[in-house]
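Structure first, then comments.
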Amino acid sequence: MFCEEHLMKTLGIHTNYIRITSTEPAMKAAEEITEHSYAYDGDCIVVFIGVEKSDEEAPNVVAKKLAADTLKRAETLKVKKVIVYPYVHLTQDPSNPRTALQVLKKTAELLSGQLDVDRAPFGWYKGFEISAKGHPLSEWSGVFTADEEEEKKEKEEKAPREKFTKFVLVDLDGNIFEITPDEFTKCGIFNKKEPVYKLLKRFVGNELGHGVDTEKTPKHIEFMRQQELVDYCEVSEKGHFKWYPKGLFIQKLILDYAARIAHEWGAMEMKNPIIIKSDNNIVGELMGEFHERDYKVDGGRGTCYLRYASDPLGFPFMQNVRFSYKQSPLKVYEEASCFRNEQEGEVSGLKRVRNFMMTDMHAACANVDEAKVEFETLCKRFRDLMNDIVARDRWVLGWEGTIEFFEQNTEWLIGICKEMRVPSFFKLMPEMTHYYAIKNEFQSITEDESNIQVSTVQWDVKDGERFNIGHVDEDGKKHPSAVILHASSFGSIERTLCTILENIAIDINQGRPAMFPVWLAPTQVRIAPVKDSFIEFGEELCAKFNNAGIRADIDDRPDTVGKKIRNAEKEWIPYILVVGQQEMDTGELMVRIRTAREQVKMTFDELTAKIKGETASMPFRPLPLPRRVSRRPIFFG
RNA sequence: GCCAACGUAGCUCAGAUGGUAGAGCGGCGCACUCGUAAUGCGCAGGUCACCGGUUCGAUCCCGGUCGUUGGCUCCA
């Protein structure tokens, strides 16, 4: 039980008027305010609140109790106005500012239905002038706390891990293994010989809360700067990056690829704004409790938020699209730049950023059968994406969903699992707590053994109705979509690049050469003339490659051949050609092949055909930097 | 937001009980014109993250801020 000093204390005063002046911020977590003075003349209740450390366990329960009590008093006193006033000095052991603000906001929110509520700014030194009525009921103190049961309830709601009650593994042959969080390591599936089961074990461990301490700085951070891809930006906030030409080039190629997937799937590309008005009800519903994760912006016409996900704008967009059953499912695609105001200390390299680019697909499906077809198509597409670009065979599939959906669709789901050719891990819950009945996450297991989510496909059964998205049926009436599929080929471009770089780190550990897939390599062929007099010949060769749709450049700096090779190797260039008299005479090229670590004689046509074969059906963009290496500036290092 | 470590030249890093600093690489210049991972010589680069305190004097000691990384929390 709680002892007295752990209970939240409040002081309520029935007043004739109150005036508040905010002087200066008392802490970093101070709210942003525009008005520094506030006055209310007339009957009102001022509630001074000190939030306790112990309230961190169940802030919402405490707020609910306080709101109920305040409401009762307001009724008795026939007052319509309440001022919620943060007063930390009521407690010896205050909660963290976040919880305090949460309690204050929640209390105000709960009261605002029936009363006119204002909140004094949080985190400021304030002066106030107050006139108390002085009648017997005009002052009171309150003590509030959650009892253990309520506290447990809120905790359970808060802890996502505990909402899952059933855990299932599926092997490559479609066999099902049910496990428990405590004894999952004993599951027979981990005795199988294929190495991918080690990854599965790692993933299940991470998910069930036995994560590994990496203690190392991630490799991708080193690479992203060394290779002149992405870098920290001191002009902006932490978690926002500047992109160098090579990094931006890779980003755009990945976006090209994502757009291609979407188009092939049949989606139409559209685009929404990045600013959301805060007073939009329907979006407010989606925002839920996550206001503190949002970036606030104010153009002087009231508060707005930077979009934190694609749905809050994507759904209203689809709501207003008219389509008939003949055009169903409605498929749209968007490159959505999203902003999340992540806590200090959460942001790390490209793994967790505050601004990221999602490639988001949606399909509004008329019925379950339609949705199943699309769901399967997307899963297979993303399987290939994971294998071809991101993580080769170093990934597994995580699932979340309801027990009911799993049991009713077991055969279908297992069929998909088998198609993925990697094992699956299902976390299942007795009740649907989100908009989806089932979703999967394509998880890459990285060098430090943590996992990074890349693609996802989600089966949404709620938002068709909630947002009134639907098709016009034969009867001429609009019918809400039974299922809306959400799918993101690249959950974020930043994380995708992170995953690619982390996979390169694994390659290095396994003794393989570091390199991007050839279609993503900024330079595919580096030409190194043996001396200056061959630069012209090299230039011609370079132009020939470029015309053939291959990114070739030429190292025309006055270095030795050894130096040019070394520099090209440091840039992870897949093909290096040293050109001189021999090449000019014979027309044959001596090709240094990075993957094979060997030199092979090839003709221009042979090399072109080889590269074309390796990059077949992948997007192409020309060199992001000057063809002559001597003309390039240094962006880093 | 909490705890810890770190912040010296463009990069990687040395360094001094407190007397304002050095290497390698890179850059620039000159010479070299070279056949598969570093050609030679020379030159220029620093408010030692920022702000304040102690001190005759601080890059070094103390406090704060910012930034980076790890851990916790969190990740709709």
Side-chain angles (χ1 to χ4, degrees), chain A residues 27-29 56 95-102 123 157-161 163 209 211-218 221-222 225-226 228 231-239 285-294 308-309 311-312 338 340-349 351-354 356 400 433-436 439 441 448 450 452-453 458 486 491-492 495 513 526-535 555-571 573 575-583 590-594 597-600 633-637:
Chain A
M27 60 171 87
K28 240 180 97 179
E56 288 176 11
S95 74
N96 63 46
R98 244 170 97 198
T99 305
L101 190 56
Q102 191 185 341
E157 282 165 11
K158 266 199 324 199
R161 276 181 204 117
K163 74 188 176 195
V212 277
D213 291 356
T214 61
E215 282 185 7
K216 289 180 295 184
T217 76
I221 294 176
E222 188 185 315
R225 309 177 79 202
Q226 237 174 41
E228 299 189 297
D231 208 344
Y232 299 107
C233 179
E234 58 280 18
V235 184
S236 186
E237 275 195 305
K238 187 175 178 170
E285 211 177 312
L286 268 185
M287 307 266 277
E289 294 268 308
F290 281 81
H291 287 268
E292 60 193 86
R293 290 245 183 270
D294 296 321
Y308 59 92
D311 295 353
C338 299
R340 291 187 190 176
N341 198 1
E342 303 289 5
Q343 276 188 80
E344 200 75 31
E346 281 180 335
V347 182
S348 151
K351 220 168 181 173
R352 195 75 180 271
V353 298
R354 288 195 171 124
F356 58 91
E400 283 181 20
T433 58
H434 294 99
Y435 52 84
Y436 53 85
K439 70 164 179 181
E441 296 171 345
D448 59 13
S450 62
I452 305 178
Q453 181 189 325
Q458 308 183 354
H486 305 230
S492 101
R495 234 166 25 204
R526 164 69 47 87
I527 294 165
V530 91
K531 59 179 179 174
D532 290 358
S533 54
F534 296 108
I535 289 178
D555 191 344
D556 59 330
R557 293 172 295 192
D559 290 322
T560 60
V561 172
K563 184 71 165 276
K564 289 178 184 181
I565 298 294
R566 180 179 155 81
N567 284 331
E569 296 285 5
K570 275 164 68 182
E571 281 187 62
I573 294 171
Y575 298 100
I576 305 169
L577 313 182
V578 176
V579 297
Q581 197 62 49
Q582 285 168 36
E583 286 71 21
M590 189 56 100
V591 184
R592 187 179 167 111
I593 303 174
R594 187 170 179 79
R597 294 183 210 273
E598 59 178 10
Q599 294 163 54
V600 179
I634 296 158
F635 293 95
F636 178 86

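Scope of the values below: all heavy atoms of this structure, side chains included, with no hydrogens, waters or symmetry mates. Each chain gets a letter, A, B and so on, in the order its sequence line appears, and its residues count up from 1.
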Check: [Y] and [X] side chains under 4.5 Å, non-hydrogen atoms:
{"X": "A/H486", "Y": "A/Y436", "answer": "no"}
{"X": "A/R594", "Y": "A/I573", "answer": "no"}
{"X": "A/C338", "Y": "A/F356", "answer": "yes"}
{"X": "A/V578", "Y": "A/M590", "answer": "no"}

Pairwise [atom1] distance for [N] and [M], with rounding to whole Å:
{"N": "B/rC50", "M": "B/rC3", "atom1": "C1'", "answer": "23 Å"}
{"N": "B/rU12", "M": "B/rU73", "atom1": "P", "answer": "31 Å"}
{"N": "B/rG57", "M": "B/rG18", "atom1": "C1'", "answer": "8 Å"}
{"N": "B/rC25", "M": "B/rA38", "atom1": "C1'", "answer": "9 Å"}

Distance below 4.0 Å between A/Y232 side-chain N/O and B/rU69 OP1 or OP2: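 Affirmative; the distance criterion is met.
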For [X], all residues meeting salt bridge (Lys or Arg N to Asp or Glu O under 4.0 Å), sequence neighbours excluded:
{"X": "A/R526", "value": "A/D553, A/E571"}
{"X": "A/E237", "value": "none"}
{"X": "A/R340", "value": "none"}

Touch class at under 4.0 angstrom, heavy-atom based, for A/R340 against every strand present: base
Touch class at under 4.0 angstrom, heavy-atom based, for A/K564 against every strand present: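 Nothing, no nucleic acid heavy atom in range.
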Whole angstrom value for the distance that separates P of B/rG67 from CZ of A/R225: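 Computing the A/R225:CZ to B/rG67:P distance gives 15 Å.
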Rounded interatomic separation in angstrom, taking CG from A/N341 and P from B/rC74: 18 Å
Under 4.0 Å protein heavy-atom contact, by nucleotide of nucleotides 24-36 of chain B - B base, S sugar-phosphate only: --SS----BBBBB
ring-ring contact (aromatic ring centres under 6.0 Å, His included) partners for A/Y575, two or more places apart: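 A/Y575 satisfies ring-ring contact (aromatic ring centres under 6.0 Å, His included) with no other residue.
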Chi-based syn or anti call at B/rG15, which uses purine or pyrimidine torsion atoms and a 90° bound: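 Anti.
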Presence of salt bridge, A/D559 and A/K564, under 4.0 angstrom: no
Pairing pattern in dot-bracket form [Watson-Crick, G-U; both distances under 3.5 Å; | = partner strand] for RNA chain B: (((((((..((((.....[..)))).(((((.......))))).....(((((..]....))))))))))))....
Of A/Y436 and A/P218, the one whose closest RNA chain B nucleotide lies more 5': A/P218
